[in-house]
Amino acid sequence: MTDHTIELSPEVALAAYRTMRTIREFEDRIHLNNAKGEIPGFIHLSAGQEASAVGICMHLSEQDHIASTHRGHGHSLAKGCDVVAMMDEIYAKRSGLCAGKGGSMHLADLSKGMIGANGIVGGGVPLAAGAALKSKVLSSDRVAVAFFGDGALNEGATMETMNLAKVLNLPIIFAMEDNGYGEATPSSWAIGGDAPARARGFGLATYSLDGHDFFQMYQTAGAVIADVRAGQGPAFLHINLSRYYGHFEGDAASYRPQGEVDRIRDEKDCLMIFRHKSVAAKLVTAEQLDQIDEEVIRQLDGAVEHARQAPLPTAEDLLTDVYVSY
Amino acid sequence: MTDHTIELSPEVALAAYRTMRTIREFEDRIHLNNAKGEIPGFIHLSAGQEASAVGICMHLSEQDHIASTHRGHGHSLAKGCDVVAMMDEIYAKRSGLCAGKGGSMHLADLSKGMIGANGIVGGGVPLAAGAALKSKVLSSDRVAVAFFGDGALNEGATMETMNLAKVLNLPIIFAMEDNGYGEATPSSWAIGGDAPARARGFGLATYSLDGHDFFQMYQTAGAVIADVRAGQGPAFLHINLSRYYGHFEGDAASYRPQGEVDRIRDEKDCLMIFRHKSVAAKLVTAEQLDQIDEEVIRQLDGAVEHARQAPLPTAEDLLTDVYVSY
Amino acid sequence: MSEKSFRQAINEALSMEMRRDPNVFLIGEDIAGGTGGDGEEDAWGGVMGVTKGLLGEFGAHRVIDTPISETAYIGAAIGAAATGMRPVAELMFCDFAGVCFDQIMNQAAKLRYMLGGQAKVPLVIRTQCGGGFNAAAQHSQTLHGLFTHIPGLKVVMPSNPYEAKGLLIEAIRDDDPVMYMEHKFMYDDKGEAPDESYTIPLGEACYSRDGEDITVCSLGRMVNLCNQAADELQAENINCTVIDLRCTSPLDEESICESIAETGHLVVVDEGYPRCGFAADIAALAAVQAQSALRAPVKLVTPPHTTIPFAPALEELYIPSVERIKQGIREALGV
Amino acid sequence: MSEKSFRQAINEALSMEMRRDPNVFLIGEDIAGGTGGDGEEDAWGGVMGVTKGLLGEFGAHRVIDTPISETAYIGAAIGAAATGMRPVAELMFCDFAGVCFDQIMNQAAKLRYMLGGQAKVPLVIRTQCGGGFNAAAQHSQTLHGLFTHIPGLKVVMPSNPYEAKGLLIEAIRDDDPVMYMEHKFMYDDKGEAPDESYTIPLGEACYSRDGEDITVCSLGRMVNLCNQAADELQAENINCTVIDLRCTSPLDEESICESIAETGHLVVVDEGYPRCGFAADIAALAAVQAQSALRAPVKLVTPPHTTIPFAPALEELYIPSVERIKQGIREALGV
Ligand SMILES: Cc1ncc(C[n+]2csc(CCOP(=O)(O)OP(=O)(O)O)c2C)c(N)n1
Ligand SMILES: Cc1ncc(C[n+]2csc(CCOP(=O)(O)OP(=O)(O)O)c2C)c(N)n1
Ligand SMILES: [Mg+2]
Ligand SMILES: [Mg+2]
């Protein structure tokens, strides 16, 4: 494996670390505060998966679109959604990113090119193809990324879209985040054949990536996105990574072998690997990273406090925004 | 390519020819009589594709199941459905195979293991998996065959089922009949990657076949079905063949290059190839085949006449068989 | 103004809007037909020839054939709409809503609300409905009831070429997702319609005929049968108001209730399934908002709670006919 | 007889029928949970723990986990049913009907009719419905309206553990496809139910309470809210008949109409969408079959024609509450 560390500027590296760290802190807070009963609804945390979201989204502008999944906090943050507005949303407040109407599973900010988390497995994949289709119809150089999980690979929506994208030569990247499980079911069991072979069977340019390593993610995603942007057709990234918490908050994850998560946290944590590699390569200093850690903690303190205090939606809100006009 | 002719007994060969010839005559009659305005509804003819249906179904018993498509006459006949009852059905008569309620697109005879033609592209594929699932749950050695077209390969239903079958190790054969077109659209364009690669991507044992050649179809299908029956897991057949008539009756098929069908009829017709090979190998005589031709013509004369005379469904029939009990 | 077929009216609406707005594009299966092949291009223009000729004028970038993958391309149309385009997707038969219903029900319809009003989804899904072609259970349904059920969708069903053109142009310009349902039996129907562009607002019914004895509500192809029934009933001294609702959602509740207030009698004629269907929806409206005006039970003329049969002999009995409509009106009036 | 939770009642029905009939099997996503992995087997027993323990007794051949492919495994269940099995498929949330609606609407529901009565499809699809968990727009729907619309389907919605067990056993033995809808808010509800096997016929409503002033119809979780409302309204001297319909299809029209004949007033309470929904269906029944008995407008207590919001503050307003039901009853009575 080549060393990807060196091709990055310190500024980019620090920005990447900050976003990854923000996601981690965001998820950890929600985990804690959900346990305290502060947070309503179904919550799926992406802690552990940060390097994928950030390594990909750093190559996108606000005019490039992504579609996400039920596990969408990390993608949203990586695509530039506002931390405070996101927290407000998850706390079901009127000032939330979606005015309190969507919650964790429907986070979105179209002005940032984030089409949405999605409660339907595979449901966001065709939507991302739609953004790519826009780019094709208007002959622009915008690209779209469809994030989805290993479980979602087996949904018709995902597979149909892989084919459609190939046939129409859409500028889309299929970013399959294989965290080893779809709910309680291992991806190694649920995927017939294997994911890269399947993607290649659709004629997609296919890459396998270690999603624990930001530098590999960043470098490869950058090259792939540049190809797709240049009109070379859709691509597929098979990203191996790990989730730390249960499938949803409340899941004891007893279907995982004992110690699995601890081992991954110890050996493969993406923040830890980032720190080791970037400091060892003298790209950044440990102090710089420590400082970011502290800033992020303060930022999240503020976001949680804001979310707690923010006003609730009101009765009128119930009926608005079903239609533009009716 | 090995010569498959010799491994067949004359009895089997004659039976195969009779069924293929019956399908052809059946389709030609419907083509003619539909043009005369005798036949209601949407009609899709499979003339040209006979060798696939027969080469596969000859290896199945009545306890093995098949599911078919909108283009289902050939599969139905090959699976043992009654010619007269089928014709009655297509003529919308009460004595029809489905009491006049289904028509060409919904032909079925469960007592023969024929689950049904289907008006929904890809819709029958999961149903065939259901028959295979029954076999698995009951630990029997029954198999199921899902017939579907090249167009149907791109439906989520088909692809999900390919994966499910692999994961659950279902005794099912995916028989993809690639006649080059899904409606007006070439399969070479509509399938990203190619069909065998896609099937292999799901981990399916995959075979490419020339569906114009009965002997190849018969031999390979026999071996594959035996494997599946023995519990070796699902298989995929990519069958290249040709349809002679339009997508539906009424389609002028101007999307096909001029002369394409004539060339295929002249060079690759499955009945013609059968005759050449089987007579050349002295498996059967030309006279035997001629006699079958005549018998089939008489049989179809009778079937059409029966269908013309048969009584219509009556008002009470409208409301029956929605439910078993209600 | 000139005589046009229903098919032509739709084709005109599409081409006019495509000329006017570069963000409008078409996507569907064989809406050109022949893409990627060696034969004729634009060989079909859709299975009913409705989009024929548009490929020539607008090119393959805006008249987009797809593989047979409704979830993917309807979903892509939704995504394109949410990011600023105005796609018109063709779902060949509304029966195929089954294979892409998640995208219609859970994505297109809900996106705006879930996103707290950030998104709009200016998408039109053109789709065929209706029986009469002996196309059997999976190609003959009229599923406006399903679509009307889902908050977030608008549902349009024109009854003639004039409405077809004006409602489609309006639907394309509308900022919400619209299910636009074309009755497959009507494509060759002729009628007068302006040659220039015009719109008919969504949610405004039209009084197709005025009469003081009874209110007959319907939409789409059934309106024409209702008018014929009303014609014939004049000989029996029965004078009907026939309301062409044009849209099921938004629904012109006011016109319905006003008319009931005048006539005191309501018949609803609809080709959809009866249970939790559109006819029941209108009957419920009457029971809730106009009960005091009703002088007799509401009468629904719909198919039975039955799958659609293939045989012409049965399908004729299945679909509401002029005769059954007349009978329904007589029963509602107790004559 | 013993006290059971709603969850237990369902689990018992499943295990009893599986013991009784080797053709009964279960299929769905994580209905065991952990299949093919290195951790605990049967780790979930379904996302709500309803099928927990069945893997142990019946084995992986009859408690079948699947990939996330609803069309494939629901379709496979249909195919298995058509060829002689009695599958019980779990569709985790009824909202996911969108991704497999073709198999439900065009295959399961229509197979028997299209095949002229040759086939039967003795399939049960167990699925969760309902709000109250702040699970937002795509995990909170109550889509019995959609299913009721489709001829060929039966639709069951139990309101307590006793009904849950008896109706599920009946549904499994029934020869038609049944949508069995479990309200996700009720799994921990407790109630008395026999320990042995018993059945409750489909299509028979039950009078949950008798009162002469007004008929209140509902089913599923809403029945309990209606009863509470009725309790509280006694203090205002309002006596309600509360009808627990149990099934939407077949529907016990007779009980509804009889009760309306006695009370002259109808309120329908339902958690589904209002347009072309189940409440409208019952109101239509009243307008068509019981209009002369109605002494006042029918009142529907349903959510608004609106996508389901996430925020608890909004969802509380969205779902019919005891307060809104009481208000609806008062309005229907003009008090
Ligand atoms: C169509 C559909 N089926 C099932 C579910 C329930 N569900 C939610 S998340 C999930 C697992 C998804 O697995 P994967 O795609 O690997 O994503 P991950 O949760 O691992 O991020 C399932 C089955 C759903 N939301 N939508
Ligand atoms: C879900 C669905 N989409 C579209 C159609 C319309 N349709 C009927 S047949 C057909 C083409 C199918 O092509 P293929 O699978 O190659 O089968 P062939 O007609 O060539 O036998 C299409 C698009 C349909 N019946 N169902
Ligand atoms: Mg996963
Ligand atoms: Mg084909």
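Values below: all heavy atoms of this structure, side chains included; hydrogens, waters and symmetry mates excluded. Naming: A, B, ... by sequence-line order, numbering from 1 per chain. Model, not experiment: these values are computed from the prediction.
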Give a yes or no on whether the backbone of [Y] and the side-chain of [X] come within a donor-acceptor separation of less than 3.5 Å.
X: C/K190; Y: C/S5; answer: no
X: B/E89; Y: B/G103; answer: yes
X: B/E27; Y: B/S46; answer: yes
X: B/R71; Y: B/L45; answer: yes
X: C/T142; Y: C/G272; answer: no

Shortest non-hydrogen contact between B/M176 and B/D150, atoms and distance: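 Heavy-atom minimum between the residues: CE-CA, 3.5 Å.
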Heavy-atom pair count under 4.5 Å with chain B, highest-scoring of [options]:
options: C/Q138, C/E70, C/H305; value: C/Q138
options: C/I68, C/T35, C/D65; value: C/I68
options: C/M92, C/E29, C/E316, C/E315; value: C/M92

Which of parallel (below 30°), tilted (30 to 60°) and perpendicular (above 60°) describes C/F93 and B/F42?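 Answer is perpendicular, since the angle exceeds 60°.
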Could you check whether the rings of B/H44 and B/H70 sit parallel, tilted or perpendicular, using 30° and 60° as the cut-offs?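 Rings of B/H44 and B/H70: perpendicular, over 60°.
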Side chain, backbone, both or neither: which part of [X] has a non-hydrogen atom closer than 4.5 Å to chain C?
X: B/Y181; value: neither
X: B/D321; value: neither
X: B/L312; value: side chain
X: B/E260; value: neither
X: B/I39; value: neither

By number, which residues in residues 41-63 of chain C have some heavy atom less than 4.5 Å away from chain B?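 Residues C/A43, C/W44, C/V47 are the ones that qualify, each having a heavy atom under 4.5 Å from chain B.
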Side-chain donor-acceptor pair under 3.5 Å between B/D178 and B/S187, yes or no?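 Per modelled atom types, B/D178 and B/S187 side chains form a pair under 3.5 Å.
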Options B/T185, B/T320, B/I191, B/L153, ranked by heavy-atom pairs under 4.5 Å with chain C, top entry: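 Heavy-atom pair counts peak at B/T185.
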Hey, which of B/P313, B/A92, B/A152, B/A184 has the most heavy atom pairs under 4.5 Å with chain C?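 Counting heavy-atom pairs under 4.5 Å, the top option is B/A184.
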Under 4.5 Å from any heavy atom of chain B, what part of [X] do you find: side chain, backbone, both or neither?
X: C/T66; answer: backbone
X: C/S69; answer: both
X: C/A135; answer: both

Hey, is B/K101 close enough to B/D317 for a salt bridge, meaning N to O under 4.0 Å?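 Result for this pair is no, no salt bridge flagged.
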Between C/H139 and C/F96, does the ring centroid distance fall short of 6.0 Å?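 Centroid separation for C/H139 and C/F96: below 6.0 Å.
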Just wondering, do C/Y273 and C/Q141 contact through their side chains at under 4.5 Å, heavy atoms?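 Sidechains of C/Y273 and C/Q141: in contact.
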